[in-house]
Amino acid sequence: MRTLRLTKSSAGDVLDGLLKRSPNNYTAYEASVAEIVADVRERGDAALFEYTKRFDKADINAENIRVTPEEIREAYELVDEELLGVIRRSMSNIRAYHEKQKRYGWFDTTPDGTILGQRVTPLGSAGIYVPGGKAAYPSSVLMNTIPAQVAGVPRIVMVTPPGKDGKVNPTTLVAACEAGATEVYKAGGAQAIAALAYGTASVPKVDKIVGPGNIYVALAKKAVYGHVSIDSIAGPSEILVIADETANPKYVAADLLSQAEHDELASAILVTTSEALAAQVSSWVDTFVARLSRREILEKSLENYGYILVADSMESAVDIANDIASEHLEIVTANPFEVMTKIKNAGAIFLGENSSEPLGDYYAGPNHILPTNGTAKFFSPLSVDDFVKKSSIIYYSREALSAAKDDIMSFAQAESLTAHANSIRVRFEEA
């Protein structure tokens, strides 16, 4: 990995490089995505099936697009019992964590007869996008589906690309059934997002679409936003590790590579106050890359977006971490809790040498659908909040309205909205 002294100039270069990975910068793909989205909106199933044949090489039609109970039973027969146990234990942790996020309505009353409150209700439906094709991501199934179920969403519709045989990966399908998806459809890419957003004869429209995907999925979610809600426009994965001389270089190197293996655009950054640690981590990275299965991806990722930054102080290390606002942030220092109090921007924060990033990906409970590309400055992890909506409740007695009427009419008149003022005035005019 390239090693740089952390300066204002080098920090700026790193930030500029990372921001180039944002889906908002991939305008070359937008025309293709817009064409697919518009075609599915206009022609519905016909377009959806044609794109599935073109991109996934699968013969999907109205009769086989929805996963059947028989296919679910077959999937259970194909999934190893030990893996099923792991999925269920992970689910238990995820559900317990998200149950603590549930919100409830509230009301405040006053003696003069006002009632103000907030009503919290679940969305009517949610669309879950799960990547597929070359790999299975049952962890993403759990992380997207469980918060929706905890929120009380009655219809949870999952879409995922089928294999060439027209089937969904059995592990993905079992995870969907275990987590509570009510419907599963064999569709992926921008065409699946369009189907969820606008509805087709076979795929029902939903209120919100969540879940990560490739650049086509990200741009399609951006294109349909407004017709439906979305969680975010996800960019490539990223990890930043803050470490001092007490960190184990072998562990740090392994954790950096755990994200770099996702794809060539993934970023892995170490910020350390120790030059000795920097050298040791770099050496361990080379050792691991040489023997890991996704070597080509790892090498490209590290070449493009891998950095070791040597900082003069922990304060400088924290500053660059807050500027980058990484999706995953590990703090491996003598006192990680003290450093954590200074972190303002991060998707998920992992404390201490035993809290490696894959713990959050698979098992601990917090959601692994996280803000990327610096959006942790204003976005949060996927949560139960993403699957509920809030309504304001307002009640005034005549006595309470009488006390407020002059203020309300003055405000309305100041904005030249005479009908607003009249709506209040007529209530106090003699018949």
Euclidean distance, Asp13 CG relative to Leu4 CG, rounded to 0.5 Å
8.5 Å
At their closest point, which heavy atom of Pro131 faces which heavy atom of Pro161, and how far apart are they?
C-CD, 4.0 Å
Nearest heavy atoms of Ser301 and Ala266, plus distance in Å:
OG-O, 2.7 Å
May I ask you to decide if Gly211's main-chain N or O and Lys221's side chain share a donor-acceptor pair within less than 3.5 Å?
yes
Atom CZ of Arg43: over 12 foreign heavy atoms under 6.0 Å
yes
Quick check: are there more than 12 heavy atoms from other residues, nucleotides or ligands sitting under 6.0 Å from NZ of Lys344?
no
Is there a donor-acceptor pair under 3.5 Å between the side chain of Asn367 and the backbone N or O of Met143?
yes
Min side-chain heavy-atom separation Val150-Gln101 under 4.5 Å:
no
Enclosure of Glu35 CD (heavy-atom neighbours >12, cutoff 6.0 Å):
no
Flag side-chain contact, heavy atom, 4.5 Å: Asp286 against Val289
no
Write down the atom of Val141, the atom of Ala175, and the distance for their closest heavy-atom approach.
CG1-C, 3.6 Å
Can you tell if the side chain of Ser125 reaches within under 4.5 Å of the side chain of Asp207, non-hydrogen atoms only?
yes
Could you check whether any side-chain heavy atom of Pro138 comes within less than 4.5 Å of a side-chain heavy atom of Glu178, counting everything from C-beta outward?
no
Check the pair Phe49 / Ser202 against side chain to side chain contact (heavy atoms under 4.5 Å, CB included), numbers first and verdict last.
CA-CA 10 Å; Phe49 301 153; Ser202 298; 4.0 Å; yes
If every non-hydrogen atom of Ser383 is compared with every non-hydrogen atom of His98, which pair is closest and at what distance?
CA-CD2, 4.3 Å
Any chance you could lay out the side chain to side chain contact (heavy atoms under 4.5 Å, CB included) test for Leu196 and Val203, step after step, and finish with the verdict?
CA-CA 7 Å; Leu196 289 174; Val203 180; 4.0 Å; yes
Taking Gly166's backbone N and O only, do any of them form a donor-acceptor pair with Lys186's side chain (distance below 3.5 Å, no angle check)?
yes
Is there a donor-acceptor pair closer than 3.5 Å between any side-chain N or O of Ser90 and the backbone N or O of Tyr362?
yes
How are the rings of His227 and Tyr198 set to each other: parallel, tilted or perpendicular (split at 30° and 60°)?
perpendicular
Taking every non-hydrogen atom, the tightest pair across Glu264 and Tyr305:
O-CD1, 3.9 Å
Quick one, Tyr251 with Val332, criterion side chain to side chain contact (heavy atoms under 4.5 Å, CB included). Give me CA distance, side-chain angles, the key distance, then yes/no.
CA-CA 10 Å; Tyr251 295 174; Val332 192; over 6 Å; no
Can you confirm whether Tyr363 is buried at OH, in the sense that more than 12 heavy atoms of other residues, nucleotides or ligands lie under 6.0 Å from that atom?
yes
With heavy-atom distances below 4.5 Å as the criterion, would you say the side chains of Tyr185 and Pro204 are in contact?
yes
Under 6.0 Å from the NZ atom of Lys390, do we count more than 12 heavy atoms belonging to anything else shown?
yes
Would you confirm whether His328, through its side chain, and Glu238, through its main-chain N or O, come within 3.5 Å as a donor-acceptor pair?
yes
Using atom types as modelled and distance alone, determine if a side-chain donor or acceptor of Thr273 lies under 3.5 Å from a backbone N or O of Ser313.
no
Heavy atoms, side chains only, cut-off 4.5 Å: are Pro371 and Lys377 in contact?
no
For Phe337, does the CZ atom sit with more than 12 other heavy atoms under 6.0 Å from it, leaving out its own atoms?
no
In terms of heavy-atom contacts, Pro154 and Leu123 come closest through CD-O, 3.3 Å
Starting at NE2 of His262, measure out to CG of Leu298 and round the result to the nearest 0.5 Å.
11.0 Å
Is a side-chain N or O of Thr160 found less than 3.5 angstrom from the main chain of Val130, in a donor-acceptor match?
yes
Lys/Arg-Asp/Glu bridge criterion (N-O < 4.0 Å) met for Glu70, Arg73
yes
Would a 4.5 Å heavy-atom cut-off, applied to side chains only, mark Pro236 and Asn373 as touching?
yes
Checking salt bridge (Lys or Arg N to Asp or Glu O under 4.0 Å) for the pair Glu299/Arg295: CA distance, chi angles, key distance, verdict?
CA-CA 6 Å; Glu299 289 176 340; Arg295 177 174 180 173; 2.9 Å; yes
Out of curiosity, Gln259 CD to Ser267 OG, how far, rounded to the nearest 0.5 Å?
8.5 Å
His420 atom NE2: more than 12 heavy-atom contacts under 6.0 Å
no
Gln149 vs Phe387, side chain to side chain contact (heavy atoms under 4.5 Å, CB included): CA-CA, chis, key distance, verdict:
CA-CA 9 Å; Gln149 194 192 50; Phe387 298 99; over 6 Å; no
Rounding to 0.5 Å, atoms CG (Leu240) and CG (Leu256) come to a distance of 8.5 Å
Any donor-acceptor pair under 3.5 Å from Asn144 side chain to Ile369 backbone
no
Any salt bridge linking Arg5 with Glu275? Criterion: basic side-chain nitrogen under 4.0 Å from a carboxylate oxygen.
yes
Hey, are the side chains of Ile242 and Thr272 touching, using non-hydrogen atoms and a 4.5 Å cut-off?
no
Any side-chain donor paired with an acceptor under 3.5 Å for Asp45 and Thr200?
yes
Among side-chain atoms of Ser355 and Glu330, is any donor-acceptor pair under 3.5 angstrom?
no
Lys389 side chain vs Arg119 backbone, donor-acceptor pair below 3.5 Å
no
Please round to the nearest 0.5 Å and tell me the distance separating atom CG of Asp39 and atom CD of Glu50.
7.0 Å
CG (Asp263) and CG (Asn304) are apart, to the nearest 0.5 Å, by 10.0 Å
Are there more than 12 heavy atoms of other residues, nucleotides or ligands under 6.0 Å from atom CZ of Phe107?
yes
Asp231 side chain to Pro212 main-chain N or O, any donor-acceptor pair under 3.5 Å?
no
